Amino acid sequence: MRLVFFEMRKNFFKKSILIVLIIFTALNIFKIFSSYEMYGKFRNDKIGKAQSAYAEIYSDVSGKMTDSKIQLIVGEYKRLLNEISEFTYSKDYDENTYTGYIMGDFNLFKFDFFEPMNYAFNYSSYSKEIANKAILNAEFFKSQNNTYEVQKNEMIADLYQNRKIESFYDYNGFEALFKYNFSSILIFLLCVFALTPVFVTEKETGMNLILQVSQSGGVKTALAKYFAAIIFVLSICMWFFLCDIATFGLRYGFDGVLSPLYGIKEFKNTPLNISILGYCFVFFGIKALSILSVSSLILLISQFPKKIIFPFIINISIIFLLIFLSDLSGRHFYEMLNLFNPASLLTPTEIFKVFSVVRIFDIPISTYSIKAFFSAFVCCGTLLAICVSSKKRGWYI
């Protein structure tokens, strides 16, 4: 443990890394705030009346859905819809309206209250229909002796039955958080900057020759470097994840944290029966695993060249290649390729918003399980490769 701490202090407690961390943190915060100015719900509310009206109505109808809350939203929505349909409504500013304009009121009730509440109210029927279809499919495939399709449809029926949404909340903050990936790019760049020199600088300074005859040289030193790097990467991930949560919470606000994940419309087909809070841990855990696996590759690559410029170029190229490949979709080949691409875990929303399985020995295995397993395998495999490489060079254990 003392050797691990020594490697952390030697490689990561540097002023240059701290400066880059501060700059990247500032960039991350700026990016979140600027994205709100571009895509935020009330970015075009010049007089501020729409935002205050929304806050007042939301305070009355948020929480557990009741008949009175539903009637309030549906009644106002229908009233405004009738006014809009007649095309005789005034387009001038009216201080007796919620937002200042009739059309503004209609848009407010339709998009911010009626449609989200309608989704929540009808979700139970939607998921029940999926489960019932899966049950019928399972019975059909039983008659065809297709065990794979039987298991797959039984999984679907088990996952989607008995679902319901009982509360109404504004999930805009969580939706923005779960789509945000800029901080992951910054983490990758910081990892390349901090991890690439871990092994290669020993060769540039000639320290590797001393380590070869040192009692703590070889595999023991390599392990210390690896675990020090892992601790550094996890710390950086935690820092940026907390930064994301704090900044999105401050700018957008979070509500309904204990609601089911499928309460967010984009996750209506998710295979996860967990709360939004639970998904936050899954979301950041999966991202951290992706970053750890790529960081392990960075460490492995930095073991071999004698000049630091080469692993820098290689590592940057590999990261952007993996990210590019993770964005490819639409073809079966790309989907299969990304099963073994750690960078595909950087977008957990794309993985968890739909039910997806892979057929392995006639058994349906969830796609996210395979991706997570392979990323963990990369971490273990690179650790083993680093140890073997260190031992082959004649370093002492």
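Being a predicted model, the structure only gives us computed values, none of them experimental.
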message: Give me each pair satisfying side chain to side chain donor-acceptor pair (under 3.5 Å) with a member in residues 24-33, each pair once, sequence neighbours excluded.
response: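 Those involving residues 24-33 are T25-W239, N28-Y180, N28-D244.
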message: Going by side chain to side chain donor-acceptor pair (under 3.5 Å), name the pairs with one or both residues in residues 55-64, residues two or more places apart or in two chains.
response: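 Counting only pairs at least two positions apart or across chains, the side chain to side chain donor-acceptor pair (under 3.5 Å) contacts touching residues 55-64 are Y58-D255.
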task: Identify the residue among F248, F352, Y279 that makes a side-chain contact (heavy atoms from CB on, under 4.5 Å) with F178.
output: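 Going through F248, F352, Y279 one by one, the side-chain contact (heavy atoms from CB on, under 4.5 Å) with F178 is satisfied by Y279 alone.
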Return the set of residues passing side-chain hydrogen bond (donor to acceptor under 3.5 Å, both in side chains) with [X] (not counting sequence neighbours), or none when no residue passes.
X    : answer
S369 : S366
T270 : none
E76  : R79, Y98
R359 : D362

query: Is there a side-chain contact between Y123 and R163 (heavy atoms, below 4.5 Å)?
result: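 In contact.
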query: So do N137 and E149 actually touch side chain to side chain, heavy atoms under 4.5 Å?
result: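 No. Closest side-chain heavy atoms not under 4.5 Å.
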Quick check: does any side chain N or O of [X] sit under 3.5 Å from a backbone N or O of [Y], one acting as donor and the other as acceptor?
X    : Y    : answer
T196 : P311 : no
N341 : L325 : no
S127 : Q161 : no

- request: Mind checking salt bridge (Lys or Arg N to Asp or Glu O under 4.0 Å) for K78 and listing every partner two or more places apart, or none if nothing turns up?
  value: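 With neighbours one apart ignored, the set is empty.
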Can you see which heavy atom on [X] is nearest to which on [Y], and at what distance?
X    : Y    : answer
I73  : I57  : CD1-CG2, 4.1 Å
V198 : K225 : O-NZ, 3.3 Å
F188 : L346 : CE1-CD1, 3.1 Å
Y160 : P271 : OH-N, 4.0 Å

For residues 259-266, run the donor-acceptor check on the side chains, cut-off 3.5 Å, and write out each pair with its distance to 0.1 Å, sequence neighbours left out.
residue : atom : partner : partner atom : Å
S259    : OG   : Y171    : OH           : 3.1
S259    : OG   : G256    : O            : 3.3

message: Let me confirm one number: the CG-CD1 distance from L272 to I276, rounded to the nearest 0.5 Å.
response: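 Going from the CG atom of L272 to the CD1 atom of I276 covers 12.5 Å.
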field: side chain to side chain contact (heavy atoms under 4.5 Å, CB included) involving K287 - partner list, sequence neighbours excluded
entry: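 Residues passing side chain to side chain contact (heavy atoms under 4.5 Å, CB included) with K287: N181, S184, F241, F283, P348.
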query: By the rule that ILVMFWY residues connect when side-chain heavy atoms come within less than 4.5 angstrom, directly or transitively, which residues belong alongside F373?
result: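 Besides F373, the hydrophobic cluster comprises nothing; the residue is isolated.
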- prompt: Which other residues end up in the same hydrophobic cluster as V150, if Ile, Leu, Val, Met, Phe, Trp and Tyr are linked when side-chain heavy atoms come under 4.5 Å apart?
  reply: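 Besides V150, the cluster holds F140, F141.
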message: Checking side-chain polar atoms at under 3.5 Å, does T349 have a donor or acceptor matched by the opposite partner on T347?
response: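 Distance-only check fails for T349 and T347.
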message: If hydrophobic clusters are built from ILVMFWY residues whose side chains come within less than 4.5 Å, do F355 and F267 share one?
response: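 No, because F355 and F267 fall into different hydrophobic clusters, even though each may have its own neighbours under 4.5 Å.
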message: Checking E175 against K179 for the salt bridge (Lys or Arg N to Asp or Glu O under 4.0 Å) test, could you report, in this order, the C-alpha distance in whole Å, the side-chain angles of both residues, the deciding distance, and whether it holds?
response: CA-CA 6 Å; E175 289 174 348; K179 291 178 181 177; 5.6 Å; no
- prompt: Which one of Y77, F168, F106, F109 satisfies the ring-ring contact (aromatic ring centres under 6.0 Å, His included) criterion with F114?
  reply: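 So, applying the ring-ring contact (aromatic ring centres under 6.0 Å, His included) to F114 and each of Y77, F168, F106, F109, only Y77 qualifies.
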Pair up each side-chain donor or acceptor in residues 226-237 with any protein partner under 3.5 Å, not counting sequence neighbours, and list the distances.
residue : atom : partner : partner atom : Å
Y226    : OH   : S296    : OG           : 3.0
Y226    : OH   : C379    : O            : 3.1
S235    : OG   : I231    : O            : 2.7

